[in-house]
Amino acid sequence: MFVLKDEPAATVVVRGAGADAVVEKTYRNRGLRWLQSMCRRSRAQREHDHLAAITAAGIPCLQPVRWAERRRLLGVDESLLVTRLLPDATSLKAALQAMPPTDRTRGRLAESLGGLLAAMHRAGFLWCTPMPRNVLVVGDLAHARLAVCDTPACVPFRGSIHGGRRARIDLFLAAFSPSRRRDWSAVERLRLLCGYSGGDRAAARKLWRTLARRRPLQNVVERALAMATFTYILAWIRPRPHPPTPAR
């Protein structure tokens with residue numbers, strides 16, 4: 001066993017080796033987090049179901065294995081998510097921090113992230129957390145591919161949201177929020193939008209103008225409304241992205 005993270009709210013460990021290696025994420029809810037879990041699917045179940053649906057759509061992501069939970073009354077005390085370990089993978093956040101600002105690989109990674117977001121949106125997924133810490137860089141940086149790795153806040157829709165109003169929530173979080181403006185240069189952010197637009201620079205520039213006018217508070221409100229409406233209010237009448245398969 002190898003411990004990747006050990007905090008009061010979450011523990012992440014790697015078990016096994018080779019093709020049998022898995023990552024186990026244990027989420028613990030205390031205080032307000034426990035109250036927020038009442039009458040909801042656990043974080044592990046939501047993430048498992050989203051990853052399963054994203055995998056079925058052919059988008060690179062962590063492969064879910066199983067989930068389990070421990071409930072008390074209507075709340076969730078603890079939940080467990082098990083996924084396959086992706087060898088030779090690191091977070092995009094760590095990769096960017098290790099590169100000098102002049103490294104041209106950064107631009108290629110930004111464009112790849114735009115392409116990954118486009119695939120998610122065309123498949124009908126609003127990611128809601130498309131930040132570098134939630135993206136995996138798999139393989140050698142010169143030829144690396146990106147994969148989705150964290151999706152508990154994901155909102156699935158029945159059709160494509162690519163280029164639409166809801167897509168701006170993710171695009172802002174990926175390239176135009178105050179934090180992302182520090183992570184990416186202007187040229188890199190434009191390359192991200194070009195990757196999202198399939199190389200159409202005119203469409204990328206149009207998106208740039210729209211996102212440049214967007215304010216952080218507006219994005220926070222629209223994201224919260226989308227999650228509340230489609231994750232809570234309509235949760236019982238919308239089909240789940242994948243049938244739950246709890247551990248026995």
Considering non-hydrogen atoms only, spot the tightest contact between Ala167 and Ile161 and give its length. CB-O, 3.3 Å
Examine distances only and state if a side-chain atom of [X] and a backbone atom of [Y] form a donor-acceptor pair shorter than 3.5 Å.
X	Y	answer
Asn29	Val76	yes
Tyr196	His162	no
Arg108	Leu141	yes
His50	Thr151	yes
Trp127	Asp150	yes
Arg28	Pro8	yes
Arg180	Pro132	no

Please check if atom [atom1] in [X] has more than 12 non-hydrogen atoms from other residues, nucleotides or ligands closer than 6.0 Å.
X	atom1	answer
Arg30	CZ	yes
Arg84	CZ	no
Arg71	CZ	yes

Applying side chain to side chain contact (heavy atoms under 4.5 Å, CB included), run through Arg189 and Arg181 and close with a yes or a no. CA-CA 8 Å; Arg189 289 186 287 128; Arg181 289 170 186 259; 4.1 Å; yes
Connecting only ILVMFWY residues whose side-chain heavy atoms lie within less than 4.5 Å of each other, what is the rest of Met1's hydrophobic cluster? Val3, Val13
Besides Val187, the hydrophobic cluster formed by Ile, Leu, Val, Met, Phe, Trp and Tyr side chains linked at under 4.5 Å, directly or via other members, contains none
Option among Leu126, Asp170, Val155, Thr129 that satisfies the side-chain contact (heavy atoms from CB on, under 4.5 Å) test with Arg223: Thr129
Cationic tip of Arg72 within the cone over Trp34's six-membered ring, i.e. under 6.0 Å and within 45° of the normal? yes
Do Arg43 and Ser37 have a side chain donor and acceptor closer than 3.5 Å? no
